[in-house]
Amino acid sequence: MASSSHVTDVTSTTTHHGPPDTDPQYLVKEEDFTKLPPELADIDWTKPISWGKYAPYPPSDDIVVSATTSTTNNTAPPLPLTPEGTPPTFAPPHSALTFHIHATSKRARYTTLHLPHGPISTPVFMPVGTKGTLKGLTPMDVTNCNSLNNEIILANTYHLALQPGTELVRDAGGLHEFMNWDRNILTDSGGFQMVSLLKLAEITEEGVTFENPFQESGEDEKKSCGMEGDVEVQTNGKKRSSNNSISKTEQSSSKTQRMLLRPEDSIYHQNNIGSDIIMALDDVVSSVSDDTTRFEIATYRTLRWLDRCFSAHRRKHDQNLFPIVQGGLDVSPGGLRDVCLAGFRLRDSNAPGYAIGGLAGGESKDQFWRVVHHCCCALPDNKPRYLMGVGYPLDLVVCTALGVDLYDCVYPTRTARFGVALVGGEAPGTLRLKGHNCAEDYRVIMEGCECMACKDGNGSDGGGYTRARLHAMLKNDNPMAVSLVTHHNLAYMMVLNRRMRETIKNDCYGEFAKDFVRDQFRGKENGGEDVPKWVKDALEAAGIPLD
């Protein structure tokens, strides 16, 4: 646990300021939406966009190659490593983050990410607690069990701003106190809701305006949104009517509730929440859209919005603001991903880490891995890389090989609520506990698993809940069954993380990845499925040929 002096008490000051106004210098006219940002006018797009690169990548222009380093194969010098157990040195320009890389195995990295609420070992999967809670589990379930022992979880800014409101969270001492969680938290900025709630969103240069998705008609609408009676919210140190923050529109219903989320608002909410890693508000477009102009506008706007986020960020001393790489699926030289990366390179001194966004939205797996590969080849090696919204076990194994450090996804917890457990073995690596084949199956979900479902109350073998018992509980909508399967699925992910870290540490990640893939895909000649081409191609790019 980090020293208490490095964790700010968000209730220690009585004066709270609302989000700042938008600085006009960051706004452009509509006719300039598709113009290349002026700071990128002199970029040589024939050269790879990369910086801070070490072996096994080609050297970037900012890395000095010594005369003793062989460059016959156009490889950068080796990445500097830090011994395990080295204490963090929180110092400017990023006073709330220290990143230690302990070992590499080809491109895969075993690291410790030191944050205000303690260290995180990576590669790591972050469970999603959208509104500050993991459905079906308590914080004690997550921290006091060796099979989980999560060091970081994710929460969502948009949803917390809507319900219960980040001013309330702030006044409770921040989200850590609000949810009784003493470890790290990462918050999404609300950008993803531009895709998931697109029908309720209007996107402009100023920000994105959402209709309230929980709104009902008549008097029920106020109750459903926690707005019954004369509700007030805290802004600029003063109380004001809630309909200043949730505006009314003159559409078919005069009572339609709308919330404007600007970059300044997103950062304001995340400062209130007090998360350890906060995300820049980006302009997100569905990866399956064919509107190339919209992608271009969104990529350029993401850079302008990033500058507004940096400007609005008031807690640089204890919160880390990560930019999110956008640009659709365009990984061509000088394409939209390169444009976004080039813009980030110019702003690198402000960024303690980076995220890769705009994926896991229905694009093909071939397109997916190529974007991840492209971004990992560009982003600096001395900062953490976070792949947003990705949580299938196979994806983690492949993308860790490509160089990713952090992941999040609702998949393990959401699939548990449908009675589906994660297991090893053949693809897709799941067990449908509601299926009739489990009705008389008296084995536990997975032998050797130490979760609450597979072990008895003392953590010993021989107990636990059988598949048959879980089947019956799920069929009767017993909420305990959902909690047990949720615990199991997260335990599966944590074990996978530990295995990845251990094999990187021992420089045998390639063999681990091959074994994992071969377990899932035995080949049609053996009664299973063949390895998908995208998996072969991605691992080949990472220096792990399957053949």
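Everything numeric in this text was worked out from a predicted model, so none of it was measured.
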>> Angle between ring planes, His117 versus His176, binned at 30° and 60°: parallel, tilted or perpendicular?
In response: parallel
> Do the ring planes of Trp51 and Tyr354 sit parallel (below 30°), tilted (30 to 60°) or perpendicular (above 60°)?
Replying inline: perpendicular
>> Can you see whether Phe33 has Arg301 sitting over its ring - NZ or CZ less than 6.0 Å from the centre and within 45° of the normal?
In response: yes
> Tyr492: what forms a side chain to side chain donor-acceptor pair (under 3.5 Å) with it, not counting sequence neighbours?
Replying inline: none
>> If we ignore hydrogens and angles and just use 3.5 Å, is the side chain of Asp32 paired with the main-chain N or O of Lys35 as donor and acceptor?
In response: no
> Does Val390 have any side chain to side chain contact (heavy atoms under 4.5 Å, CB included) partners at least two apart in sequence or in another chain, and if so, which?
Replying inline: Ala360, Phe368, Leu387, Asp395, Leu396, Tyr407
> Is Arg258 salt-bridged to Glu202, going by a charged N under 4.0 Å from an acidic O?
Replying inline: yes
>> The criterion is side chain to side chain donor-acceptor pair (under 3.5 Å); which residues satisfy it with Asn497, sequence neighbours excluded?
In response: none
>> Would you say that more than 12 heavy atoms from the other residues, nucleotides or ligands in this model lie under 6.0 Å from the CG of Asp44, or not?
In response: yes
> Residues two or more places apart in sequence or in another chain: which of them pass ring-ring contact (aromatic ring centres under 6.0 Å, His included) with Phe99?
Replying inline: none
> Are Arg385 and Asp381 within salt-bridge range, i.e. N to O under 4.0 Å?
Replying inline: yes
> Do the side chain of Asn184 and the main chain of Ile152 share a donor and acceptor less than 3.5 angstrom apart?
Replying inline: no
> Would you say the side chain of Ile504 lies within less than 4.5 Å of the side chain of Arg109, judging by non-hydrogen atoms?
Replying inline: no
> Does the gap between the ring centers of Tyr411 and Tyr392 come in under 6.0 Å?
Replying inline: yes
>> Whether the side chain of Thr299 engages the backbone of Gln326 through a donor-acceptor N/O pair (distance < 3.5 Å, no angle test) should be reported.
In response: no
>> Using every non-hydrogen atom in the two residues, find where Pro412 and Cys409 come nearest and quote the distance to one decimal.
In response: CD-O, 3.7 Å
> Who are the ring-ring contact (aromatic ring centres under 6.0 Å, His included) partners of His313, not counting sequence neighbours?
Replying inline: none
> In chain order, what residues pass the side chain to side chain contact (heavy atoms under 4.5 Å, CB included) check against Thr292, with sequence neighbours excluded?
Replying inline: none
